[in-house]
Number of protein chains: 2
Amino acid sequence: MSYQKIMEKEKTDKKDYILDVAERVFSEKGFDGASTRLISSEAGVNMAMLNYYFGSKEGLFLEIFNRKISSFQNILQNLGNDDSISAWAKMEQYIEMYGEKVVNNNCFQKLLYQEMGMNRRTDLSDKLRDMLMKNVTELDKILKEGIAKGEFKTDIDVPMVIATLYGTKNYIINTPLMSSPLLGYDITDDNMIETKLKPQIKSFMKNLLKAYLHN
Amino acid sequence: MSYQKIMEKEKTDKKDYILDVAERVFSEKGFDGASTRLISSEAGVNMAMLNYYFGSKEGLFLEIFNRKISSFQNILQNLGNDDSISAWAKMEQYIEMYGEKVVNNNCFQKLLYQEMGMNRRTDLSDKLRDMLMKNVTELDKILKEGIAKGEFKTDIDVPMVIATLYGTKNYIINTPLMSSPLLGYDITDDNMIETKLKPQIKSFMKNLLKAYLHN
DNA sequence: TTACTTTAATCAATCGTTTGATTAACTTTG
DNA sequence: CAAAGTTAATCAAACGATTGATTAAAGTAA
């Protein structure tokens, strides 16, 4: 490996590390509440480095999202095109994948819906909406297929089902001060998330939607 | 009415008006994003009046919550103590009242869960949690009563049901950029909220939980 | 050297807050 | 009654502190 490549890698790692730290700080304090001085100090780099790497505070902020948007694409897709399995089996798969993938990336999820809430930066919000909509569309397709096949009831409220799946997860993840005493364990603990929350949320969602959707 | 009382009333109205404006601006921009200059300008008062009335920006912020906390108390209570009606009937009443009361106060809801998310101001967060927990506890009581009576299944996940009810509503209200295209109408339009969202959310929640809870 | 990083010092702008002066309404005093 | 005093409300101006951003110099590796 050439020195250049080592440098590139180190540079990328450093940028990535700064992005990780910034993601956390932004999610804790909000865009305006997180000063560049705090972010740089937490990351252990000089303040000017943020502008050197990312141009501006907003550039840093946007980069956090761009990094994730690429890795988020097509996660939950290509489920609707398979005709060999039932719509309900697809739903179960969706819940599995969703519960697995999305309960992680805790900080980013918080940041994501924080940014979607206040719709400054209209272009970013639009990009994020499109990103999220891809998964929503897939879920929409599965539900409508289940109705058409006669597998699900004909009078189910498709948009509301989607809102329930996403909303329940968001509520738990983004409001640990409520959900931790509610569930009886610490939602912010990664170990608890893995061993208790993930199974619980998957199991509950399957039972809930099974009861609601099925004939 | 004496002059003093007139003065007091006018003063209260003005403070209340400033609080209304501040509530909206804070909910749109966040605590740090909303400058005192913007708030005072939107309210049409001199900047110094905010400090004159509320001591500080934080004082103003806290006053917004104190005002609501008083009016939020005991809204959904005293439902669990009535033995003459079934647990399911209580659930329906709860959903009705919740859908009615909470879909309003749009700005405050946003602000509330924004503040609960970032837990600065620990004492405020604790107060807000206690406030919300009162309603949660009531719901918890109803669900457990239904289980004990044999009206509901024995294996229902009580905390998750609660998270679903609150989470679904929050998702729709706090993420209009997602929920509006999802539902097919403008969530931010008060008229749409009244004529379409309220009935839809009530009806869906009843059907969803009916299917999940009942034997 | 040459090109890329990193640093401390510094910038103008904006932040929340405070000040002193002014107004207007009411109360007290003579 | 009228004059003087008192009070709360309001304002423009300015305060010190902090913000995001820039600079020029020093450091580093080829």
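In what follows, chains carry the letters A, B, and so on, assigned in the order in which the sequence lines appear, proteins first and then strands, with residues in each chain numbered from 1. The figures that follow rest on heavy atoms only: side chains count, while hydrogens, waters and symmetry mates do not.
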Worksheet entry | Neighbour count above 12 (heavy atom, 6.0 Å) for B:K198 NZ | yes

Worksheet item: Whole Å only: how far is the CG atom of B:N46 from the C1' atom of D:dA9?
Response: 11 Å

Item to complete: State, yes or no, whether a side-chain contact exists between A:N207 and B:I156 at a heavy-atom distance under 4.5 Å.
Response: no

Worksheet, complete the sentence: In numerical order, the residues of residues 25-42 of chain B whose heavy atoms come under 4.0 Å of DNA chain C are B:A34, B:S35, B:T36, B:R37

Discussion item. Rounding to an integer number of Å, can you tell me how far A:N51 CG sits from D:dT19 P?
Written reply: 14 Å

Item to complete: May I ask you to evaluate whether A:Y53 reaches the phosphate of C:dT5, defined as a side-chain N or O under 4.0 Å from OP1 or OP2?
Response: no

Worksheet item: At their closest point, which heavy atom of A:K57 faces which heavy atom of A:A34, and how far apart are they?
Response: NZ-O, 2.9 Å

Worksheet item: Who are the ring pair (Phe, Tyr, Trp, His ring centres under 6.0 Å) partners of A:Y212, not counting sequence neighbours?
Response: B:F204

Worksheet item: Phosphate oxygens OP1/OP2 of C:dT6: is one of them under 4.0 Å from a side-chain N or O of A:K14?
Response: yes

Worksheet entry | Protein-nucleotide distance (B:F61, atom CZ; C:dT17, atom P), rounded to Å | 13 Å

Discussion item. Between A:K110 and A:E28, does any side-chain N to carboxylate O distance fall below 4.0 Å?
Written reply: no

Practice prompt. Would you please confirm or rule out a distance under 4.0 Å between OP1 or OP2 of D:dT22 and any side-chain N or O of A:Y52?
Written response: no

Worksheet entry | Rounded distance in Å - CZ (B:F54) to P (D:dT10) | 11 Å

Discussion item. Main chain of B:N135, side chain of B:Y94: is a donor-acceptor contact present, judged purely on distance under 3.5 Å?
Written reply: yes

Worksheet item: A:A48 has a side chain; which of C:dG16, D:dT22, C:dT19 sits nearest to it?
Response: D:dT22

Discussion item. Let's see if you can work this out: which of D:dA21, C:dT6, D:dC11 has an atom nearest to the side-chain heavy atoms of B:M49?
Written reply: D:dC11

Worksheet item: To the side chain of B:M47, which of D:dT22, C:dT18, C:dT17 is closest?
Response: C:dT17

Fill in: Rounded interatomic separation in angstrom, taking NZ from B:K15 and P from D:dT10
12 Å

